[in-house]
Structures are given as C-alpha cells and as structure tokens.
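Predicted, not measured: the structure shown is a model, and the values here were computed from it.
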Amino acid sequence: SARTYVDNFLLNQLLPGQSQVLEDPLFHYDDDESLSRCGSLQRLDVTVYRLSKPTPGDANICDDVRSTPSLPTDLPVPCTSDIVINEINADTSVSGDDGEFIELYDGGRGRTPLDSLVLVLFNGNFDSKSYLTVPLTGYKTDANGYFLIGSASLKADIFAPEHSIQNGPDGIGLYKDSPYKFPQNTMATTKNLIDALVYGTNDGRSEERVSRDAETD
C-alpha cells in the first residue's frame, strides 16, 4: 500500500535494511505502553526495543520481555557509548496525549553534557521531512543518566506541548550537528546520525511487531 511505501522510504533514509518498531493499540500496561530499549546500548539497532510500561526519567522495565539470550534483560552497566534514544511514548491513552515523551540515556554515567546534539523528528507520510527540531546544547543528563523531552505533567527537562510527537509512522533522529542544519521540512539523512528510531502503531501493514513476547533472531 502507499502507507507501507512511505514507511519504507523513511526507513531507508534513517535505518537502511531495518524495520519500524510498533506500539500495539490493543496491548496496554495500565492503559498505556512505550517503546523501551532493553538489553543493549547498541546504536542504530531497532531490535533492542520492546513494548513495556512507560517509565519516563527512570530505568526501563525489561524483566518481563524476552531478549537475545546473550544479552542481559535489564539495562547494562555504564559504558562509554554515545547518548542513545532510550524510550518513546508517542501514542498515549491519556487525554490530549499529555503523557507523550522521548527519553535519552547516557549509559548511567550521569551529568553528561548534550552539547552539539540535536533531536530531529521526521514525518513518515509522503516526504520523510522534519517537522520538529530540538536543540540540546546547554543541557545535561540527570544524575542517573536520563534526559526527558515531554509534556508538562512529566516534569520533563525540555517541555513539549501536547501532540508535539506524532503517533506514526514517523521517525526520530539524534544527530551531532547544528540545529540550523535542520530547519522545518529537512529531508532525513544519516549524515552525523548518532541514533534513530522509526516507529508506528500495529495496523497490520508494517514489517515488525514489538511485544513482550518478541524475540531477536
């Protein structure tokens, strides 16, 4: 379908050869769920995400999902990897999408400067161009290594008004670059890309479903 085509186009722009990850509107933890990184800080790898209970600004809940046997089922100890996209809740059950957020993580080091980083949100419909750019220079992760972009109710580090994060199919790119390189309607690119995620909801037309029972080959 046309919808599948544009999903794949954005994937090819950000994560060539990979699949989008999905929230499932029929599967809820306490009426809501998020896409959570579990078992690895590997960048640019969609297989590390699982459907889980939202934990904005706190450790992801990974003890009830099955991960690759060689990896731990909880978040790993601090390491020297780059900042990663750790968790996203784009399609919430809260009225007005008041609980939506994007969480970054530094591996647990804490107080890591985010200078020269920029978070860019891309449309998955029609053109794969940016619709929101969030400069991160001047900010740091918290003492536990987390940084939250989200709604006021979450006490986020950067406030995002309701409906700022589109439900999908859409994409997120974390870049080491100037925000001036990403004015609105900039085409998605892998240049200076640190981490990325292309996500949607489980409508039966996408390539990969993420759930508590998902397994990695």
Checklist entry - Would you say the side chains of Ser128 and Gln13 form a donor-acceptor pair under 3.5 Å? => result no

Next on the checklist: Side chains of Pro54 and Phe101, heavy atoms from C-beta outward: is any pair under 4.5 Å?
Outcome noted: yes

Checklist entry - Do side-chain atoms of Thr133 reach the backbone of Val120 as a donor and acceptor pair under 3.5 angstrom? => result no

Checklist entry - Got a donor-acceptor contact below 3.5 angstrom from the Arg50 side chain to the Cys62 backbone? => result no

Checklist entry - Are the side chains of Glu33 and Ser52 in touch, meaning some heavy atoms are under 4.5 Å apart? => result no

Checklist entry - Can you name the side-chain contact (heavy atoms from CB on, under 4.5 Å) partners of Ala156, sequence neighbours left out? => result Leu148

Checklist entry - Do Ile85 and Tyr49 come close enough that some side-chain heavy atom pair is under 4.5 Å? => result yes

Next on the checklist: Looking at Lys53 and Asp58, is there a salt bridge between them, counting it only when a charged N and a carboxylate O are closer than 4.0 Å?
Outcome noted: no

Item to check | Residues which pass side-chain hydrogen bond (donor to acceptor under 3.5 Å, both in side chains) with Asn192, listed by chain and number, not counting sequence neighbours | outcome: Asp177

Checklist entry - Residues two or more places apart in sequence or in another chain: which of them pass side-chain hydrogen bond (donor to acceptor under 3.5 Å, both in side chains) with Thr189? => result none

Item to check | pair Val46-Tyr199: side-chain heavy atoms closer than 4.5 Å | outcome: no

Item to check | side-chain hydrogen bond (donor to acceptor under 3.5 Å, both in side chains) involving Gln166 - partner list, sequence neighbours excluded | outcome: Asn123, Asp170

Checklist entry - How many angstroms lie between atom OG of Ser34 and atom CG of Leu51, to the nearest 0.5 angstrom? => result 7.5 Å

Next on the checklist: Under the salt bridge (charged side-chain N to carboxylate O under 4.0 Å, His left out) definition, can you give me all pairs with a residue in residues 135-158, not counting sequence neighbours?
Outcome noted: none

Next on the checklist: Checking the side chain of Asp195 only, and the main-chain atoms of Leu174 only, is there a donor and an acceptor separated by less than 3.5 Å?
Outcome noted: no

Item to check | Tyr146 vs Thr141 side-chain heavy atoms within contact, under 4.5 Å | outcome: no

Item to check | From CA spacing to verdict: side-chain contact (heavy atoms from CB on, under 4.5 Å), Val134, Ile158 | outcome: CA-CA 9 Å; Val134 183; Ile158 293 180; 3.7 Å; yes

Checklist entry - What's the verdict on side-chain contact (heavy atoms from CB on, under 4.5 Å) for Ile83 and Leu117, showing C-alpha distance, side-chain angles and the deciding distance? => result CA-CA 9 Å; Ile83 303 292; Leu117 299 183; 3.9 Å; yes

Checklist outcome for this item: For Leu44 and Gln18 the tightest heavy-atom approach is O-NE2, 2.8 Å

Item to check | Minimum side-chain heavy-atom gap Ile149-Phe159 below 4.5 Å | outcome: no

Item to check | Close side-chain approach of Ile102 and Ile165, heavy atoms under 4.5 Å | outcome: yes

Next on the checklist: Within the 3.5 Å criterion, strictly below it, is a donor on Asp106 or Thr112 matched to an acceptor on the partner's side chain?
Outcome noted: yes

Checklist outcome for this item: The side-chain hydrogen bond (donor to acceptor under 3.5 Å, both in side chains) partners of Ser164 (sequence neighbours excluded) come to none

Next on the checklist: Side chains of Glu87 and Thr55 only: does a donor on one sit below 3.5 Å from an acceptor on the other?
Outcome noted: yes

Checklist entry - Which atoms form the tightest heavy-atom contact between Leu41 and Gly107, and what is the distance? => result CD1-CA, 3.6 Å

Checklist entry - What residues, two or more places apart in sequence or in another chain, satisfy side-chain contact (heavy atoms from CB on, under 4.5 Å) together with Thr190? => result Leu193

Item to check | Distance (rounded to the nearest 0.5 Å) between Leu10 CG and Lys129 NZ | outcome: 13.0 Å

Checklist outcome for this item: Between the CG atom in Leu136 and the OG atom in Ser116, the distance rounded to the nearest 0.5 Å is 10.0 Å

Item to check | Main-chain N/O of Gly138 paired to Asp115 side chain as donor or acceptor, under 3.5 Å | outcome: yes

Checklist entry - Are any non-hydrogen side-chain atoms of Ile172 and Ile88 less than 4.5 angstrom apart? => result yes

Checklist outcome for this item: The reported gap from NZ in Lys191 to OH in Tyr175 (rounded to nearest 0.5 angstrom) is 11.5 Å

Checklist outcome for this item: What one should report as the nearest heavy-atom pair of Phe147 and Tyr139 is CE1-CB, 3.5 Å

Checklist entry - Which residues satisfy the side-chain contact (heavy atoms from CB on, under 4.5 Å) test with Thr186, sequence neighbours excluded? => result Ser130, Phe182, Pro183

Checklist entry - Between Asn86 and Glu103, is any side-chain donor less than 3.5 angstrom from a side-chain acceptor? => result yes

Item to check | Minimum-distance pair of heavy atoms, taken over all atoms of Leu154 and Gly99 | outcome: CD1-O, 3.7 Å

